[in-house]
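In this text the structure is predicted, and so the values were computed from the model without any measurement.
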Amino acid sequence: MNFLLTASGLRNETLRDALRDMLGKPFGSANVVYVPTASVAEPGDHGWFVADMNRLYGLGWREFDVLELNGLPRQMVLDRLAHADVIYVEGGSHYHLARSITGNGLADGFLETLENRVYVGVSAGSMIFSRNLTGHSADVIGDTADLHVLGATTVEPPFGLFDWYLKPHLYSPDFPERDDAWADRIAARADFPIYFIDDETAVRVRDGKVDVISEGRWRFHP
């Protein structure tokens with residue numbers, strides 16, 4: 001399995017080069033499926049969503065598909081995922097995204113599809129693989145309100161592949177509270193490893209090996 005887990009998408013050439021290398025062929029010879037599900041649970045202006053989708057589209061794919069995980073037959077969703085070379089999952093609410101995968105019975109089929117495709121996550125799309133995506137982690141991170149607004153008090157990790165948790169947008173001007181002091185407070189409470197990454201960084205998982213690629217800044221607390 002190959003994962004490129006970003007905070008804000010393919011924002012720089014280092015991240016785009018990493019995807020080309022993982023894909024093993026030009027973008028113009030590959031199909032991408034864009035999954036916007038997490039974004040629909042976020043209120044307010046979605047200019048960030050349009051900008052990221054346009055940035056991805058501008059890479060010049062052979063085929064650019066858009067796939068919502070809710071409301072379609074399960075097999076149709078899995079077939080559309082399987083048709084892609086790259087599965088690109090947008091940001092928004094990671095709790096809504098996780099609940100959409102588990103609630104629609106997609107977890108096993110989705111995971112099987114990932115065995116021979118490249119997965120690119122953006123923010124929420126990067127956060128759903130931790131086995132520590134739980135009500136406990138929501139309390140540790142301090143975002144239980146984001147879970148409760150969905151009418152939920154618990155969340156089940158859809159995949160549980162990694163013991164570490166990823167928290168995006170460190171030092172981001174769009175999230176001015178996410179500074180070193182914020183990361184320090186979370187790390188002091190956490191009983192699980194955490195990667196904090198900024199908008200120019202990605203955690204790459206390739207054949208089980210984890211590293212960080214970046215034109216920005218990041219922190220890891222084991």
With a 3.5 Å cut-off and sequence neighbours excluded, list the donor-acceptor pairs that the side chains of residues 148-162 form with protein atoms.
none

S137 OG to D191 CG distance, which is reported to the nearest 0.5 Å: 9.5 Å

Sole residue of L56, V86, L19 in side chain to side chain contact (heavy atoms under 4.5 Å, CB included) with F27: L19

Derivation of the side chain to side chain contact (heavy atoms under 4.5 Å, CB included) call for D207 and N2: CA-CA 6 Å; D207 299 325; N2 294 304; 4.1 Å; yes

4.5 Å side-chain heavy-atom contact, M1 and L111: yes

Basic-acidic side-chain contact under 4.0 Å: R219, D180: yes

Set of residues satisfying side chain to side chain donor-acceptor pair (under 3.5 Å) with respect to R80, sequence neighbours excluded: D65

Residues which pass side chain to side chain donor-acceptor pair (under 3.5 Å) with E200, listed by chain and number, not counting sequence neighbours: R11, N12

Heavy-atom check, side chain of R217 versus side chain of T201, under 4.5 Å: no

Option from D211, L4, D21 for which side chain to side chain contact (heavy atoms under 4.5 Å, CB included) with R206 holds: D21

Pair E90, S39: side-chain N/O donor-acceptor within cut-off below 3.5 Å: no

Sequence neighbours excluded, every pair satisfying ring-ring contact (aromatic ring centres under 6.0 Å, His included) that has a member inside residues 74-100: Y34-Y88

Residues which pass side chain to side chain donor-acceptor pair (under 3.5 Å) with N70, listed by chain and number, not counting sequence neighbours: E68, S100, N104

Side chain proximity check, W48 to D52, heavy atoms < 4.5 angstrom: no

Pair listing, ring-ring contact (aromatic ring centres under 6.0 Å, His included) test, anchored in residues 181-213, at least two apart: W164-Y195, Y165-F192, W182-F196, Y195-F220, F196-H221

Worked verdict on M127 versus I141 for side chain to side chain contact (heavy atoms under 4.5 Å, CB included): CA-CA 12 Å; M127 300 172 69; I141 300 297; over 6 Å; no

